[in-house]
Q: 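Quick one: structure below, then a few questions.
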Amino acid sequence: MVREELNQGLFVGGVKVSTAIQKVEDELSRWKCNRYKHITRGVSAQENAVIHLETTFSKPTQDKPVPVAVARVHFHLDVVNGRLKYHFEEESVQHEVGGRGLAPGMYERWLDRIIGDKMQVRQLHNLATPFEETRLQPPPMPTAMIAESREDSSDEREDGRSSRQEEERASGYWDPAQKLPLSELLVNIFDAADEDDEYELTHKEVADLLYATPMGLTDWDIKLLLTTAHELETGRIVWKPFVEACPEFIEALLKRRAAFEERTQNVPQVGFEAIELCFGEEIDEAARAGREAFAAVDQAGKGKLSRHDFRSSLMHRMERFSMQEVQLLMQICKEDDFGQVPYDDFGGLLAQLRIDALHNAMVETDVDQLRKHLIILSRQEGMGEDLILPVWNLRNVLLSADQLCLSRMQIHVILSIVQTDEEGLVDFQYFLRVCCTVIPQMFDVGLFAEKAAAIAKEKADAQARQELEELQGIASSSLAANKKRSDEDDVEEAQQANVPDKNDVEKALLMHITNHADDKHRQQSTIDVRRFLSVLRMDPVQQLQLSDAELRGFIAEAELDEERNEVAYADHIRTWVLILFELRKSRIYDGIFAKDWAMDAPHLVDLSEYEENFPLLKPLLRSSTASVTSETTPERRRSRMSSKLRDTPTPGPGGVRRGASRLSDRAISSDGVDTPSLETGEVAGSTTTPRRKSPS
């Protein structure tokens with residue numbers, strides 16, 4: 001079962017949970033309990049004044065990787081005066097750090113006593129199952145090794161081993177205290193937990209085992225690791241292939257975490273208040289859509305769903321949730337002992353996800369890794385030597401970029417600023433520069449904190465003006481002031497009267513496309529994608545006062561039928577016109593929309609320094625087309641865009657390519673050649689069955 005745990009980035013009374021954990025760790029370092037492994041978690045907060053933490057001590061060994069008994073110590077940090085107190089489990093006596101406590105050297109003995117008492121009770125009550133009796137016994141040593149150990153025991157040992165150690169070794173109980181390889185350790189742990197040898201464990205069991213295993217991963221890293229596990233409809237995970245792939249993923253996560261912490265030192269912390277200021281309305285609308293989807297499945301009104309139903313409900317609202325969001329929401333959502341997920345605080349989950357994503361943007365803020373990830377995904381979308389892709393394929397690239405925790409609205413904003421030609425085709429080098437410029441900005445905690453402060457100041461100033469106007473009204477201000485305010489209101493009302501509202505735009509678009517492009521008038525309102533693009537450039541659409549960015553985003557979000565190359569325009573209009581008007585209320589993206597995102601914009605990042613280490617084209621393809629591409633200008637490449645639109649496969653319904661790459665993406669050699677990976681099973685020039693796929 002997943003233990004309840006406070007987010008390490010949370011502030012309680014001005015003290016960060018990670019700071020409280022570090023304070024506990026500093027105290028534990030003085031205990032000198034070297035024979036024990038331990039892990040410390042924040043478990044709860046009391047009235048914004050006390051942080052409750054728990055440290056679990058255990059002694060896993062090679063023969064018993066899952067400890068039979070553990071000892072827990074409960075810590076309590078008073079954030080007001082900084083006093084740290086603690087007590088051992090099942091004991092009422094509290095000790096204070098820096099005050100009266102155990103004598104030096106007694107802590108380890110105290111833990112020995114607690115675990116010894118538990119083991120004695122276990123033996124008296126004989127709580128072990130027949131399975132445990134066989135599984136937890138140390139394996140017998142081979143006869144040859146026993147004979148060898150007996151022969152060696154007569155000689156004086158130079159390494160200082162006692163005769164008792166030799167006897168234990170000969171009987172099969174000796175622990176050489178050698179560290180197991182991570183792969184073997186995980187297999188032992190999961191195999192011991194799988195008591196029925198079903199090779200399946202519940203999601204909660206898998207998560208709990210990962211959290212209990214000392215791997216050096218943060219809470220967010222473990223959640224990312226869990227997204228790589230294929231979860232069945234029953235909520236269970238086939239653990240063996242997952243465990244076999246874990247060491248590679250863990251190594252990649254540890255490297256990325258180290259690089260991320262090195263380049264993001266002393267960054268401000270973002271809390272719920274800042275998230276509410278910047279994403280409040282966006283989260284509210286997404287939460288409303290999610291609850292509607294949940295309620296449609298939960299017809300009994302229990303307020304809970306199975307993990308499969310919870311996920312499926314989110315997947316049916318992909319205009320509100322990206323695949324990345326769904327994968328991580330499945331890791332942070334709570335569930336009871338029966339695998340049921342409550343959805344009453346779904347908005348809180350979305351807010352927490354935004355906070356965690358900002359504080360853990362390991363790939364989003366690393367231009368080199370971000371560029372590689374997008375290039376690999378674009379190759380899977382069929383990018384050829386001309387480096388041209390339809391905007392709908394680029395939408396697939398962003399939707400399948402599971403190493404980036406982009407929200408669905410952030411993906412839409414990126415698609416809105418990417419400029420296309422008249423047929424929806426985009427130069428991929430330009431698209432890559434846009435992404436590598438805007439995505440790090442979206443996840444820059446410093447810029448986000450500044451924006452949140454600016455929005456808070458604007459709201460405070462507006463509130464002050466409103467209060468002042470009310471006071472002036474009560475005091476019967478002068479007629480001149482009233483007349484001036486009345487004139488300003490008239491101008492504002494006149495401007496608003498000339499701007500079509502959501503319903504006007506929706507009706508006008510439906511009528512315009514039906515009359516000018518849909519000559520078939522079928523029950524399912526669809527038209528060819530080229531006619532869809534051409535009709536949106538006509539004068540009646542321009543009169544709806546949609547901005548260029550809004551129109552680009554509206555086009556990029558269109559779902560294309562893979563066989564007929566058609567757009568279901570009626571459903572598309574009803575879905576996305578509403579979202580366009582919601583986006584107009586958001587202030588967080590103002591700075592992005594205000595910039596010029598043309599191909600020659602000076603603020604676009606220069607990616608030429610990364611080309612040598614990881615080229616856009618695979619080396620074989622690049623060498624065979626070098627003479628062609630060297631003579632190909634951007635104008636010539638754009639002239640071939642029309643044929644590219646016909647030749648490039650369009651995304652199917654839903655727009656999300658399954659089997660997207662995973663945490664380690666793929667092993668990349670120094671010359672930029674893609675080598676086989678655990679995620680895709682792809683080798684340059686061939687296609688094989690993927691070993692690991694994104695959960696569907």
Side-chain angles (χ1 to χ4, degrees), residues 279 281-282 285-286 289 317-325 374 389-401 404 406-428 430-431 433-435 437-439 441-442 499-502 505-506 508-510 512-513 529 532-538 541-542 544-560 567-599 601 650-651 654-656:
F279 295 121
E281 293 180 350
E282 181 182 331
E285 291 297 330
R317 299 303 302 267
M318 294 305 289
E319 80 281 3
R320 295 289 183 179
F321 307 102
S322 67
M323 178 64 73
Q324 304 92 309
E325 289 180 296
L374 296 177
L389 279 175
V391 69
W392 304 283
N393 292 73
L394 295 177
R395 179 193 60 191
N396 273 8
V397 168
L398 295 175
L399 288 174
S400 60
L404 314 176
L406 290 168
S407 71
R408 189 62 183 88
M409 201 58 65
Q410 287 173 327
I411 291 176
H412 176 75
V413 168
I414 296 173
L415 294 172
S416 298
I417 63 177
V418 171
Q419 300 185 8
T420 70
D421 77 340
E422 62 275 7
E423 293 193 343
L425 297 171
V426 182
D427 185 310
F428 179 73
Y430 158 70
F431 170 79
R433 293 182 66 197
V434 170
C435 289
T437 301
V438 72
I439 292 177
Q441 292 178 8
M442 288 178 168
V499 177
D501 61 15
K502 176 185 73 67
V505 173
E506 184 177 314
L509 281 175
L510 282 171
H512 174 67
I513 296 178
V529 62
F532 176 74
L533 294 174
S534 63
V535 77
L536 290 178
R537 291 194 295 269
M538 295 182 179
V541 176
Q542 305 302 320
L544 298 178
Q545 300 186 31
L546 295 175
S547 68
D548 291 340
E550 288 174 334
L551 198 55
R552 285 193 295 265
F554 180 76
I555 291 172
E557 297 290 1
E559 299 291 348
L560 273 63
V567 177
Y569 67 88
D571 293 338
H572 179 63
I573 290 172
R574 296 187 184 97
T575 299
W576 283 99
V577 168
L578 172 63
I579 295 177
L580 292 180
F581 276 80
E582 291 174 3
L583 192 58
R584 288 182 178 181
K585 302 175 184 177
S586 176
R587 293 295 319 282
I588 187 63
Y589 305 116
D590 287 353
I592 296 176
F593 285 125
K595 293 182 178 179
D596 175 21
W597 295 98
M599 295 186 68
T650 55
V656 181

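Just so it is clear, the structure is predicted and the values come from calculations on it, not from any experiment.
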Q: Give the minimum heavy-atom separation between Leu389 and Phe428, together with the two atoms involved.
A: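 Answer, listing the atom of Leu389 first, then Phe428: CD1-CD1, 4.5 Å.
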Q: Minimum heavy-atom separation for Leu551 and Gln542, please, with both atom names.
A: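 Minimum heavy-atom separation between Leu551 and Gln542: CD2-NE2, 4.4 Å.
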Q: Please enumerate all residues that pass salt bridge (charged side-chain N to carboxylate O under 4.0 Å, His left out) together with Asp590, with sequence neighbours excluded.
A: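 Result, salt bridge (charged side-chain N to carboxylate O under 4.0 Å, His left out) vs Asp590: Arg587.
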Q: Kindly say whether Pro390 contributes a backbone atom to a donor-acceptor pair with the side chain of Glu423 at under 3.5 angstrom?
A: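 No, the answer is negative, given that no donor and acceptor are paired below the 3.5 Å cut-off.
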Q: Can you tell me if Arg552 uses its side chain to pair, donor with acceptor, with the backbone of Ser416 under 3.5 Å?
A: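 Flag set: sc Arg552 to bb Ser416 pair under 3.5 Å.
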Q: In terms of relative ring orientation, are Phe554 and His572 parallel, tilted or perpendicular, with 30° and 60° separating the classes?
A: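 The arrangement is tilted - the two ring planes meet at 30° to 60°.
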Q: Return each pair, listed once, that meets salt bridge (Lys or Arg N to Asp or Glu O under 4.0 Å) where at least one residue sits in residues 577-586; pairs must be two or more places apart or across chains.
A: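 Salt bridge (Lys or Arg N to Asp or Glu O under 4.0 Å) check on residues 577-586 returns Arg320-Glu582, Glu550-Arg584.
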Q: So, for Leu425 and Asp421, which heavy atoms are closest and what is the spacing to 0.1 Å?
A: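 Heavy atoms of Leu425 and Asp421 come nearest at N-OD1, 2.7 Å.
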Q: Who pairs with Lys595 by side chain to side chain contact (heavy atoms under 4.5 Å, CB included), at least two apart in sequence or on another chain?
A: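 Lys595 satisfies side chain to side chain contact (heavy atoms under 4.5 Å, CB included) with Gln441, Trp597, His603 only.
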Q: Between Glu281 and Ser586, does a side chain to side chain contact (heavy atoms under 4.5 Å, CB included) hold up when you go through it step by step?
A: CA-CA 7 Å; Glu281 293 180 350; Ser586 176; 5.9 Å; no
Q: Under the 3.5 angstrom rule, does the side chain of Arg408 hit a backbone N or O of Ala286 as a donor-acceptor pair?
A: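 No, the answer is negative, given that no donor and acceptor are paired below the 3.5 Å cut-off.
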Q: Side chain to side chain donor-acceptor pair (under 3.5 Å) with Gln419: which residues, sequence neighbours excluded?
A: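 Applying side chain to side chain donor-acceptor pair (under 3.5 Å) to Gln419 gives none.
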Q: On a heavy-atom basis, which atom in Ile555 and which in Trp392 lie closest, and how many Å separate them?
A: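 So the minimum-distance heavy-atom pair works out to O-NE1, 2.9 Å.
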Q: Who are the side chain to side chain contact (heavy atoms under 4.5 Å, CB included) partners of Ala570, not counting sequence neighbours?
A: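 In terms of side chain to side chain contact (heavy atoms under 4.5 Å, CB included), with neighbours along the sequence ignored, Ala570 is linked to Leu510, Ser525, Arg574.
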Q: State whether the side chain of His512 and the backbone N or O of Val535 hold a donor-acceptor pair below 3.5 Å, judged by distance alone.
A: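 Answer holds: yes.
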Q: Please report the shortest heavy-atom distance between Pro500 and Leu544, naming the atom on each side.
A: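 Looking at all heavy atoms of both residues, the closest pair is CG-O, 3.7 Å.
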Q: Are the side chain of Arg395 and the backbone of Ala558 linked by a donor-acceptor contact shorter than 3.5 Å?
A: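 Present.
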Q: Begin with the C-alpha distance, continue with both residues' side-chain angles, and end with the deciding distance and a verdict on side chain to side chain contact (heavy atoms under 4.5 Å, CB included) for Leu398 and Cys435.
A: CA-CA 9 Å; Leu398 295 175; Cys435 289; 4.2 Å; yes
Q: State which residues pass side chain to side chain donor-acceptor pair (under 3.5 Å) with Tyr589; sequence neighbours excluded, sorted by chain then number.
A: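 Residues passing side chain to side chain donor-acceptor pair (under 3.5 Å) with Tyr589: Glu282.
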Q: Decide yes or no on side chain to side chain contact (heavy atoms under 4.5 Å, CB included) for Leu406 and Gln324, but give the supporting numbers first.
A: CA-CA 7 Å; Leu406 290 168; Gln324 304 92 309; 4.2 Å; yes
Q: Using the side chain to side chain contact (heavy atoms under 4.5 Å, CB included) rule, take Met442 and Ile588 through it: C-alpha gap first, then chi angles, then the decisive distance, then the call.
A: CA-CA 9 Å; Met442 288 178 168; Ile588 187 63; over 6 Å; no
Q: Which atom pair, heavy atoms only, marks the closest approach of Phe593 to Leu583?
A: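 The answer is CZ-CD2, 4.0 Å.
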